[in-house]
Amino acid sequence: MEKGITSRAEDFSQWYNDIVMRAELADYSPVKGCMVIRPYGYAIWENIQRLLDKRIKDAGHQNAYFPLFIPESFLRKEADHVEGFAPECAVVTHGGGKKLEENLYVRPTSETIMYAMYAKWIRSWRDLPMLINQWANVVRWEMRTRLFLRTTEFLWQEGHTAHATAEEAEEETLKMLGIYKEFAENVLAIPVYDGVKSDAEKFAGALRTYTIEAMMQDRKALQLGTSHSLGQNFAKAFDVKFQSKEGTLEYVWQTSWGVSTRLIGAVVMAHGDDKGLILPPRVAPIGVVIVPIFKDEASRAKVLAVAKQCKEAIGDAATVHIDDREQYTPGWKFNDWELKGVPLRMEIGPRDVEKQQVVLVRRDEGKKEIVAQSAMKGRVLELLDETQRGLFERCKKFRDDNTLDVDDLREFAAKMESPGIFARSHWCGSADCEAAVKDQTKATIRCIPFGSNEEKGKCILCGKESNRRVIFARSY
RNA sequence: CGGGGCGUAGCGCAGCCCGGUUAGCGCACCUGGCUUGGGACCAGGGGGUCGGCGGUUCAAAUCCGCCCGCCCCGACCA
């Protein structure tokens, strides 16, 4: 393995690519714009899936699977939707050597194919709410791709629900956004701003789009997840109706929400350092790596025996890996596991065997700590916990320190350029002002945040009355 | 699609300007030895359509033309 990763300060984009490739999360594929998720990266995704899937199911949803192909006519049924997605779709025109009667679109998202089925399945208010989630791949023919952040094909989950009332659908939309926020903060250790998107940024076909937005270490924003209040737009397009208790025929109110493999990119850019990845313990494929150190066959046997005892003692409380590769020196392994972002390293050498102790080193802080073997398990779990919390706190402080109230456009533009910020600024609500700000500063409205107090002010661009601040940033 | 850069061993590169031994170096890989508390060392070894096609020439990685691919920067986006 080659030494040296581009530093974040030197070139953040290059650093990101170096980490993803060198930590063996993903690799470029023979297909342009597509990536191969390698075993170590996929293990992170599996952890994300497992932990998020539990939350989705606990909230009452069931998993199902719908087809990859969508008839062209389905996509065309909702005007905004087709306008938003059709240009970036892959289209199948031939099958079995023959031209198809109707083109099939490879799903860019599954609203249309799913709601065509909902129309069959929903008859009565008793069938509601319908709460279905799907784990799937989708394809969007993006111009420029970046590993995990934007690839032609990506993996995600998409939840799609149907409700009897607007209120219930709205409640569901916000509930799922809340689950995403809790997941991002407690599992990925990434603090997020939650709020609503401006009309310009909302999902094609939605009434409203809610979002969680995080700050990466280059101070750019990354949208981690969205939850859409679809209203009755799709219900009307797909004729999804139910008979109410009162006997009337009503269109359902719908929601959809999703997060993708982009979350892995977020973890890299939120926590990593110049040595490599730093994984939050809750999603790390390996929580603790034991590096044995020995001089000869005799010490080797003793050290490995103690390593195995430690692994067994920890049991299911954390995932432990013993790195007993013989062709590498301990120093090489230290660097390798730091690159891979394993949150906690345990060193065991002849001295430690002698004194019945182990050496523990947190990945994020790098300080060595000697612990008696008798106290090892408790301390390991404590340190994993502290790492999980520490990563969140560090990330939150960075974000908060770089989130500023800005009321002057010149200052706004200057700070967007360098060092880059989340600007809390007033906005009059007009799409023209929003577009002009983007044009002049490359910053977009990430969200109109929840929980911000009403406050009189003047639009950052036009100076007209505004009654709240919104968050502007440059984004991925 | 516009701008920039790059294609030589698995990876990173030198050689090209100024054509001429057997195409070279570092890392990785294989064998053996010796080592292991922050990226060890020694010896031996395997691996190449020099991105592709065509042209110039006695002779092309090197000069010329066309094509292809990839990466980075913009417009579009989870």
Side-chain angles (χ1 to χ4, degrees), chain A residues 1-6 11-14 16-18 21-22 24 27-33 83-89 107-109 136-158 180 197 200-204 209 211-214 221-228 256-266 275-276 291-297 299-300 303 323-339 345-354 357-359 361 366 368 370 438-439 442 444 474-476:
Chain A
M1 181 154 315
E2 180 120 356
K3 275 198 237 176
I5 299 168
T6 309
D11 183 344
F12 191 81
S13 285
Q14 192 55 49
Y16 175 79
N17 286 335
D18 286 355
M21 296 285 284
R22 299 272 308 283
E24 300 180 351
D27 201 349
Y28 295 102
S29 79
V31 183
K32 185 182 165 76
E83 189 188 332
F85 282 108
E88 57 179 64
C89 284
R107 63 180 164 220
T109 178
N137 57 337
V138 289
V139 167
R140 298 182 186 177
W141 217 264
E142 303 290 353
M143 286 296 143
R144 265 192 68 209
T145 57
R146 296 200 60 190
L147 296 170
F148 288 113
L149 303 179
R150 192 181 308 101
T151 46
T152 301
E153 178 188 8
F154 59 95
L155 306 183
W156 74 348
Q157 59 71 216
E158 48 180 328
Y180 286 160
K197 284 287 189 189
E201 299 274 332
K202 79 178 183 195
F203 177 76
T209 289
T211 180
I212 52 172
E213 300 278 332
L222 186 67
Q223 178 176 306
L224 298 195
T226 46
S227 183
H228 314 294
S256 69
W257 26 273
V259 298
S260 72
T261 35
R262 170 181 276 190
L263 293 178
I264 296 170
K275 290 177 168 179
V291 177
I293 299 155
F294 36 79
K295 302 256 185 265
D296 48 40
E297 267 312 306
S299 62
R300 179 171 181 273
V303 163
D323 184 358
D324 59 0
R325 291 177 291 180
E326 303 208 10
Q327 69 270 41
Y328 298 118
T329 62
W332 194 95
K333 291 176 181 176
F334 296 164
N335 284 285
D336 190 43
W337 292 112
E338 281 165 358
L339 172 62
R345 179 174 82 232
M346 187 185 302
E347 302 170 17
I348 303 174
R351 286 206 299 269
D352 306 309
V353 172
E354 190 71 26
Q357 65 186 28
V358 298
V359 176
V361 188
K368 293 199 179 194
I370 293 169
K438 181 178 182 182
D439 198 45
K442 294 180 190 158
T444 52
R474 289 187 180 172
S475 75
Y476 278 96

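Predicted, not measured: the structure shown is a model, and the values here were computed from it. Within every chain, numbering begins at 1; the chains are lettered A, B, ... in the order of the sequence lines, protein sequences first and strands thereafter.
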Could you measure between the two [atom1] atoms, the one in [N] and the one in [M], and give it in whole Å?
N: B:G55; M: B:G10; atom1: C1'; answer: 33 Å
N: B:G46; M: B:C27; atom1: C1'; answer: 16 Å
N: B:G15; M: B:G48; atom1: C1'; answer: 15 Å
N: B:A60; M: B:G52; atom1: C1'; answer: 15 Å
N: B:A28; M: B:C42; atom1: P; answer: 12 Å
N: B:U21; M: B:U62; atom1: C1'; answer: 16 Å
N: B:A9; M: B:A14; atom1: C1'; answer: 14 Å

Worksheet item: Does A:Q14 or A:R140 map to a spot on RNA chain B nearer the 5' end, using the closest nucleotide for each?
Response: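 It is A:Q14, whose closest nucleotide lies nearer the 5' terminus.
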May I ask you to evaluate whether [X] reaches the phosphate of [N], defined as a side-chain N or O under 4.0 Å from OP1 or OP2?
X: A:K202; N: B:C77; result: no
X: A:S13; N: B:C73; result: yes
X: A:R300; N: B:U36; result: no
X: A:T329; N: B:G39; result: no

Measure from the side chain of [X], starting at C-beta and using heavy atoms only, and say which of [options] lies closest.
X: A:R144; options: B:C73, B:C71, B:A78; result: B:C73
X: A:W332; options: B:C71, B:C29, B:A40; result: B:A40
X: A:E142; options: B:C71, B:A78, B:G39; result: B:A78
X: A:R351; options: B:C73, B:G37, B:C77; result: B:G37
X: A:R22; options: B:G37, B:G39, B:C76; result: B:G39
X: A:Y28; options: B:C71, B:C77, B:G38; result: B:C71

For [N], the Watson-Crick or wobble counterpart (both distances under 3.5 Å):
N: B:G48; result: none
N: B:C1; result: B:G74
N: B:C63; result: B:G55
N: B:G10; result: B:C27

Fill in: Pi-cation contact, A:Y476 with A:R150 (under 6.0 Å, within 45°)
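No.
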Item to complete: In plain terms, say whether A:R300 and A:E326 are close enough for a salt bridge, that is, a side-chain N and a carboxylate O under 4.0 Å apart.
Response: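 Looking at A:E326 together with A:R300, the answer is yes, because their closest N to O distance falls below 4.0 Å.
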Worksheet item: If we require ring centres under 5.5 Å and near-parallel planes under 30°, does A:F334 stack on B:G39?
Response: no
Worksheet entry | Atom pair distance, as rounded to whole Å: CD in A:E326 and P in B:C34 |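 Answer to the nearest Å: 13 Å.
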